[in-house]
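Source: prediction; values computed, not measured. Order of the sequence lines sets the chain letters (A, B, ...), proteins ahead of strands, with each chain counted from 1.
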Number of protein chains: 2
Amino acid sequence: MTYRPSGPEEQRWLEHYKPGDFPSISLTSDVVLFTIRQGALCVLLVKRGGFPYRDYWALPGGFVNQDESAAEGARRELQEETLVDVEGIHLEQLATYSEPYRDPRMRVVSVAHVAILPDMPTPIGSDDAADAHWWAVDDLNLDDEDATEYEPAHDKPRLAFDHAKIVKDGLERVRAKFEYSTLATKFLDDTFSLSELQRIYETVWGAPIVSTENFRRKVLSTPGFVMPTDQKTVAPSGMGRPSLLYRAGGGDTLLQPAMLRSAPNRREEIAA
Amino acid sequence: MTYRPSGPEEQRWLEHYKPGDFPSISLTSDVVLFTIRQGALCVLLVKRGGFPYRDYWALPGGFVNQDESAAEGARRELQEETLVDVEGIHLEQLATYSEPYRDPRMRVVSVAHVAILPDMPTPIGSDDAADAHWWAVDDLNLDDEDATEYEPAHDKPRLAFDHAKIVKDGLERVRAKFEYSTLATKFLDDTFSLSELQRIYETVWGAPIVSTENFRRKVLSTPGFVMPTDQKTVAPSGMGRPSLLYRAGGGDTLLQPAMLRSAPNRREEIAA
DNA sequence: TAAATAGTGTCTCTGAGACATTATATT
DNA sequence: AATATAATGTCTCAGAGACACTATTTA
């Protein structure tokens, strides 16, 4: 945005303007980064090295610079954390968390984002580092109001600040958007089969797609969802007929009517 | 949130913690307050008295206090601006706007909210004041990237900062939520007829509901949308059969499948 | 050829669109 | 009685759920 003063009077006013005594706040940009690894929906978390919440797990993120927006900050953090080319990655604003004492040090307001990464063949940069780790969302305790209550001996990681709430909100955002958008393709590489796409849905929703045939019909009949290629899977997942490969449609089409997730998000249903 | 330090070591660390040199911003909470007056969807705007954007129209809002969240700040601003009991009003976070130079004075980050007010029989507090006014959304120019371009002689108000974008986003949020939620009842008083509810939809969408019968079916068959009362309209809108009165269902039910707005939001269609 | 995965055909049932009809008020 | 608004009945068509079947690969 470029602001044009109305005239010399305002020009002078602006040049001599001194910020007054406004309540001052630090702004951070956090990212709930989702991917699917080994059939499980995962979130990237970073182990904190210092106080507060030392040894707790936090979302990747950091302070927003003076010359960048929250979205630009989020993309920069993502680049730094994952060392992956962040160009094509889906990144959207989730919500802003501004409870006064969410950080015991000072007033920190966090603009949270949701990002989606395809399952990379090569491990991402920070993954080797001991302080960054992909956690399966099913291994996180997100419903507990106060994650600090957990015993350190507990098998589930303890989340710092209000990040359990943020992850929970991000998860619900993604699950909800799957119903009426083509977001699921962001979890996949350039080309993919319809079976793979269906598995993405099942993994994210934690429930089986009611019927494969209807799923195919829905996807193929939605203009802009997928585009056919003339390729087939070269190395099928094992036995069985090779599948046709598709490409993401590109456009941000809306599913009309929406696809519905029937059951609650229980992983047992998939395994069965 | 109450944070409990892990032990005396962290306790001491926290007590002696001095905020470092983090980039600091000012945080404001803005509200896109919608209501329906005389059959038109309206937004409350306030005329700015000082630089920058003097004489431009801005969303009600202001700085968030140190001891309140953005949502609490929004509710407080709303109370101050409208002098209406703000208890039962629908208020939700919309998005956060953080472009570095959106305010020429200093770095201001705005958490925008959407609020909905029923059409009050009594005019709201600020409505008498010369500097606050309900604007029909159709009388606003929201699509223009740079609202400052308008000639002052233009019949449409010029919006300050990036508030045209915020109003546009808020409008789209409300229109979208009408499709799959019972939000429309928030525009209405305690009891209302189904015709009134349908008019709310038509006004917000700017398009006629395709068929009255299907609308009734949809509303009545959605559990938790409306609850019947044993009352009828006492003073009908003119001639005609009195209508049964309903009450909002209370629960935040989701419409499944969603109701669709067919046509684009053109007001001409309603008038016809 | 058996097993496994991919893909097609089609019947049914739900619900939205559309049209017609009945009901209850005012003037 | 004429007119206006509210409410009900029902036919049709699109699309989701369900079941059966065909196709193409590997072991």
**Item:** Partner of B:Arg247 under salt bridge (Lys or Arg N to Asp or Glu O under 4.0 Å), chosen from B:Asp190, B:Asp189, B:Asp230
**Value:**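 Option passing the salt bridge (Lys or Arg N to Asp or Glu O under 4.0 Å) with B:Arg247: B:Asp190.
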**Asked** Considering only C:dA4, C:dA16, C:dA25, which nucleotide approaches the side chain of B:Pro257 most closely?
**Response**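 Minimum distance to the B:Pro257 side chain belongs to C:dA16.
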Rounded to the nearest angstrom, tell me the gap between atom [atom1] in [X] and atom [atom2] in [N].
X: B:Leu255; N: C:dG15; atom1: CG; atom2: C1'; value: 13 Å
X: B:Lys232; N: D:dA6; atom1: NZ; atom2: P; value: 13 Å
X: A:Glu196; N: C:dT5; atom1: CD; atom2: C1'; value: 13 Å
X: B:Lys218; N: C:dT14; atom1: NZ; atom2: C1'; value: 11 Å
X: A:Phe215; N: C:dA6; atom1: CZ; atom2: C1'; value: 14 Å
X: A:Leu260; N: D:dA16; atom1: CG; atom2: P; value: 9 Å
X: B:Gln256; N: D:dG17; atom1: CD; atom2: P; value: 10 Å

**Prompt:** Any side-chain donor-acceptor pair under 3.5 Å between B:Asp30 and B:Tyr97?
**Reply:**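 Per modelled atom types, B:Asp30 and B:Tyr97 side chains form no pair under 3.5 Å.
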Just verifying a value: how many Å separate [X] [atom1] and [Y] [atom2], rounded to the nearest 0.5 Å?
X: A:Leu33; Y: A:His113; atom1: CG; atom2: NE2; value: 13.0 Å
X: A:Leu45; Y: A:His133; atom1: CG; atom2: NE2; value: 9.5 Å
X: B:Lys177; Y: B:Tyr180; atom1: NZ; atom2: OH; value: 5.5 Å

**Fill in**
Protein heavy-atom contacts under 4.0 Å, written 5' to 3' over nucleotides 7-14 of chain D as B (base), S (sugar-phosphate only) or - (none), form the string SBBB----
**Prompt:** Would a line drawn from the ring center of B:Phe192 to the ring center of B:Tyr246 be shorter than 6.0 Å?
**Reply:**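 Here the rings of B:Tyr246 and B:Phe192 have centres that are no less than 6.0 Å from each other.
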